[in-house]
Amino acid sequence: MRFLFIHGSWHGAWVWRKVLPHIQLEGHEAIAIDLPGRGRAPAAPALVGLGAMTQTILRALPSTTKSTIVVHSRYGVAASSASEQAPDRIARVIYLASFMAPNGKRVLDYANDPDSLLTGNIDGSRLALWDWLRPEAYTEALYADCPPDDIALARALLVREPSRPALGRLRLSPHGYGRVPRAYIRLTQDRAVSLKLQDRLIGEAGADRIESLATSHSPYFSQPEALGRTILRLAGP
């Protein structure tokens, strides 16, 4: 199997560094990409919309082999958009505490999550069109059960996030997105995308396979081996 890993807000491809080896050791191809605005894909936040995120994913999907997409947090919407445009190139999307939103919805529609520690801790610029989690909220909101060295790495690498993709409404159809199987990994201790919101998204969009991990928002740091095993189960026959 071939896997394509997609990070969430403020992060980059580096978050998957502990998970990829577990997938590769089982004989599978696994790559992680940077979405626009970070790492090897620098871009001014104001120039990055949901379409740019989607096109970056599509460029990473070969035409001759189907890929299983694993997507974290905010950019479930970009994986869904890619599914709409290239259903024949995607074997399955696995949403990890991710925004698996239905047609017509946008990330902003779910911003009022009273159980999330992100609420009230995100600053932004309406002029430059970026948002940013306050550093004092990093550990409790994102990394509550993560090793200190991973938290230190994240503090050094997190970036401002383009705001426009969160404003883009999904345009999904039964003959595009609807043809791609969906799985969801619930994170039961998540303090960023609350469990209540995760279950709401599952209820609204639907998934044929669901598993849970007892971790906070970043299991790629806290439980990479368990996460890898869960991904492989969900991707299997």
What residues form a salt bridge (charged side-chain N to carboxylate O under 4.0 Å, His left out) with Asp131, not counting sequence neighbours? Arg74
Going by atom type alone, with no hydrogens or angles, which donor-acceptor pairs under 3.5 Å involve a side-chain atom of residues 122-129 and a protein atom two or more places apart or on another chain?
residue : atom : partner : partner atom : Å
Asp123  : OD1  : Arg134  : NE           : 3.1
Asp123  : OD1  : Arg134  : NH2          : 2.9
Asp123  : OD2  : Arg134  : NE           : 3.0
Ser125  : OG   : Leu127  : N            : 3.4
Ser125  : OG   : Ala128  : N            : 2.9

Under a 3.5 Å threshold, yes or no: a donor from one side chain and an acceptor from the other, between Tyr177 and Arg182? yes
Donor-acceptor contact below 3.5 Å, side chain Glu84 vs main chain Ser173: yes
Please find out if less than 6.0 Å separates the ring center of Tyr220 from that of His72. yes
Examine distances only and state if a side-chain atom of Ser194 and a backbone atom of Leu197 form a donor-acceptor pair shorter than 3.5 Å. yes
In terms of the angle between their ring planes, are Phe221 and Trp14 parallel, tilted or perpendicular, with boundaries placed at 30° and 60°? parallel
Applying side chain to side chain donor-acceptor pair (under 3.5 Å) to Ser116 and not counting sequence neighbours gives none
Salt bridge or not for Asp115 and Arg191, using N-O below 4.0 Å? no
Residues two or more places apart in sequence or in another chain: which of them pass side-chain contact (heavy atoms from CB on, under 4.5 Å) with Arg92? Thr68, Ile94, Pro181, Ala183, Asp208, Arg209
Would you find a donor on one side and an acceptor on the other, under 3.5 Å apart, between the side chain of Ser222 and the backbone of Cys146? no
Using the salt bridge (charged side-chain N to carboxylate O under 4.0 Å, His left out) criterion, which residues pair with Arg89? Sequence neighbours excluded. none
What's the spacing between His7 NE2 and Trp16 CH2 if we round to 0.5 Å? 10.0 Å
For Thr54, the side chain to side chain donor-acceptor pair (under 3.5 Å) test, sequence neighbours excluded, returns Ser81
CG-CG distance between Leu195 and Leu187, expressed to the nearest 0.5 angstrom: 8.5 Å
Taking only residues two or more places apart in sequence, or in another chain, which ones meet Ala192 in a side-chain contact (heavy atoms from CB on, under 4.5 Å)? Leu118, Leu142, Asp190, His217
For the pair Ser67 and Arg2, evaluate side-chain hydrogen bond (donor to acceptor under 3.5 Å, both in side chains) and give the outcome as yes or no after the intermediate values. CA-CA 5 Å; Ser67 301; Arg2 183 183 190 273; 2.7 Å; yes
Testing the basics here: between Ala82 and Ile57, what is the closest heavy-atom pair and its distance to 0.1 Å? CB-CG2, 3.8 Å
Run the side chain to side chain donor-acceptor pair (under 3.5 Å) test against Ser80 and tell me which residues pass, sequence neighbours left out. Tyr95
Can you tell me if Asp109 uses its side chain to pair, donor with acceptor, with the backbone of Arg106 under 3.5 Å? yes
If only atom types and distance count, is the side chain of His22 paired as donor or acceptor with the main-chain N or O of Leu20 below 3.5 Å? no
For Arg233, which residues count as a side chain to side chain donor-acceptor pair (under 3.5 Å) partner, sequence neighbours excluded? Glu211, Thr230
Sequence neighbours excluded - salt bridge (charged side-chain N to carboxylate O under 4.0 Å, His left out) pairs with any residue from residues 139-149: none
With sequence neighbours left out, write down each residue that passes side-chain contact (heavy atoms from CB on, under 4.5 Å) with Lys18, or none if nothing qualifies. Pro147, Asp150, Pro224
Heavy-atom closest contact (Pro162 atom, Met53 atom, distance): CG-CE, 4.3 Å
For residues Ile90 and Lys66, determine if any side-chain heavy atom of one lies less than 4.5 Å from a side-chain heavy atom of the other. no
Excluding sequence neighbours, so at least two apart, what forms side-chain contact (heavy atoms from CB on, under 4.5 Å) with Asn112? Pro114
Quick one: does any side-chain atom of Arg186 pair with a main-chain N or O of Gln198 as donor and acceptor, under 3.5 Å? no
